[in-house]
Protein chains: 2
Amino acid sequence: MAGSSHLIVDEPAVQLGRNLTYGLLDSIGRAIVTGQFEDQVFPTEAELAKQHGVSRSVTREAVKMLTAKGLLSARPRQGTTVQPTSSWNLFDTDVLRWMLERQLSVDLLRQFNELRVAVEPEAAALAARVAGEDDIKRIDDGLRRMQAAERGLDDPLEADIAFHVSVLRASKNPFYIQLRDVVSTALRTSIRFTNRIKGRTADVAEHAKVRDAIASRDPGAARVAMRTIIGDVLVLIEDRLPSTD
Amino acid sequence: MAGSSHLIVDEPAVQLGRNLTYGLLDSIGRAIVTGQFEDQVFPTEAELAKQHGVSRSVTREAVKMLTAKGLLSARPRQGTTVQPTSSWNLFDTDVLRWMLERQLSVDLLRQFNELRVAVEPEAAALAARVAGEDDIKRIDDGLRRMQAAERGLDDPLEADIAFHVSVLRASKNPFYIQLRDVVSTALRTSIRFTNRIKGRTADVAEHAKVRDAIASRDPGAARVAMRTIIGDVLVLIEDRLPSTD
DNA sequence: CCAATCATAATTATCATATGAATTGACTTA
DNA sequence: TAAGTCAATTCATATGATAATTATGATTGG
């Protein structure tokens, strides 16, 4: 259709997502995160609707969702404004994905792994104390997949994600468990930076240490082993990639 | 309609928050978190609007915000449904506040401090490496307030919050910084559990150690000192309060 | 000229209603 | 039985009107 018979149309209606609202959410979210509104005022509700070719209902609902994620603030007369990055909810997978997908996310990748180096060793230690049979099974599964990936029989990235997620889950702490999606999102999105990192023998061996420590109820060893893994990644990032600070 | 001149009115319109939408957000959010919809189906958009005496627009926008925070999911024909708690965004201050304000939050309080014991020592270590003059100043301020509080000249809780927040901020890691609001919210909300804990001399001395380690650029010492502080809180919670596991 | 007050306009907030789209489940039919 | 059809339900979208809020500029009093 492109043309029907009359032309018109300010902009092709958004298409991403399962419906117009989520498409617009994604579109505006990306635009904000990539800094498109740093040097200009954010459009009004009516302007947004017109620019994207959707109704005000859709526009308002998308804006409200972005408000809930900390990216926007709306007040009568003052208009809708982009919030400072410090109030963006980085633990929201949408926000994190938008941030990692943009350029120059090397710093963010490093900072994210600084978080992991804090959280995952503690989660492993906790898991060593409270993990159940089924948790150990899931961790074993993850480890098996990594070993398979080593021989080219599985996707190294997905295997790595599966392992780390299984440990977080085994901690039974909802805050750590929450980081499942965050870690998954971050690892998948930043694949272009880390694609050659995973699947090495030394890496798999260290993961096995974590598994064994948890299975034998040794929190200290689990903590150390996990810290080694993430610490290595961190060193790798700091060595290979230039910071833009 | 509805009213004409007779009585009617299903429910007094929501009032909390700065406007109807935020009031409804708060009302429904609390209801979900307190488990009110565990044994019954979530109302439809039209029912919600009627029950709370607001328009469908307001209802939809509140639902969309709760969706953005991971509490709800909406699909045509299937209706709006409460998501499993594992998908709730606990790092959202609204969600966290709702959860802490309800009863039986002892476990959550412990789990939250398990997160702190992972994050804050690392943040302190990081701060020891990257903190600037102004960061140290803010940490000093927080420490001074704690010392003042020890002599009854300041609010112990607010002083404690100020100190910990200043350290998180000094780490310059946005993920840690993000936890500022989370930590503030959690500490303020859970005051009834910890009100007698703070302000002891030993506690203030340990905080001073953190400050000194950061100022003298000693990441290891900063990590240990901070870990001691949070570890003590954790022990206190586990000793004094019965778990409901 | 300055300060305080007020009026105006811009913008979001809310309401009401109509229509579209998607999904489910029952029903029909071969 | 199995596949296809149809209807009902619920969210999704569109639109127009009105209310509430408040930044900004105009006005007034001293």
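Chain A is the first sequence line, chain B the second, and so forth, proteins listed ahead of strands; every chain is numbered from 1. Computation of the quantities below employed the complete heavy-atom set of this structure, encompassing side-chain atoms and omitting hydrogens, waters and symmetry-equivalent molecules.
Between A:F175 and B:F91, the ring planes lie perpendicular to each other; the angle is over 60°, past the 30° to 60° tilted range.
C:dT12 atom C1' lies 13 Å from atom CZ of A:F42, rounded to whole Å.
Once you apply a 4.0 Å limit to the heavy atoms of chain A, the touched nucleotides of DNA chain D run 5' to 3' over D:dA12 to D:dT24.
Take B:D39 and apply the salt bridge (charged side-chain N to carboxylate O under 4.0 Å, His left out) test, not counting sequence neighbours, and it matches no residue. Residues satisfying the salt bridge (charged side-chain N to carboxylate O under 4.0 Å, His left out) test with B:E47, not counting sequence neighbours, are none. In this view, B:E120 and B:R116 satisfy the salt bridge (charged side-chain N to carboxylate O under 4.0 Å, His left out) rule, not counting sequence neighbours. Looking at residues two or more places apart in sequence or on another chain, you find a side-chain contact (heavy atoms from CB on, under 4.5 Å) between B:A49 and B:R56, B:T59. Scanning for side-chain contact (heavy atoms from CB on, under 4.5 Å) contacts around B:V182 gives B:L96, B:F112, B:L179, with sequence neighbours left out. Evaluation of the salt bridge (charged side-chain N to carboxylate O under 4.0 Å, His left out) rule for B:K69 yields B:D92, B:D94 as partners, not counting sequence neighbours.
Of all the residues in residues 60-78 of chain B, B:R60, B:K64, B:A74, B:R75, B:P76, B:R77 reach under 4.0 Å from DNA chain D with at least one non-hydrogen atom.
Nearest-nucleotide positions on DNA chain D place B:E45 closer to the 5' end than the other of A:S57 and B:E45.
For residues 76-85 of chain B, the pairs satisfying side-chain hydrogen bond (donor to acceptor under 3.5 Å, both in side chains) are B:R75-B:Q78, with sequence neighbours left out. Sorted by first and then second residue, the pairs that involve residues 169-183 of chain A and meet salt bridge (charged side-chain N to carboxylate O under 4.0 Å, His left out), not counting sequence neighbours, are A:D135-A:K172. For residues 25-51 of chain A, the set of pairs meeting the ring pair (Phe, Tyr, Trp, His ring centres under 6.0 Å) definition, not counting sequence neighbours, comprises A:F37-A:F42.
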Would you tabulate the nitrogen or oxygen pairs shorter than 3.5 Å linking the protein to nucleotides 4-6 of chain C?
none

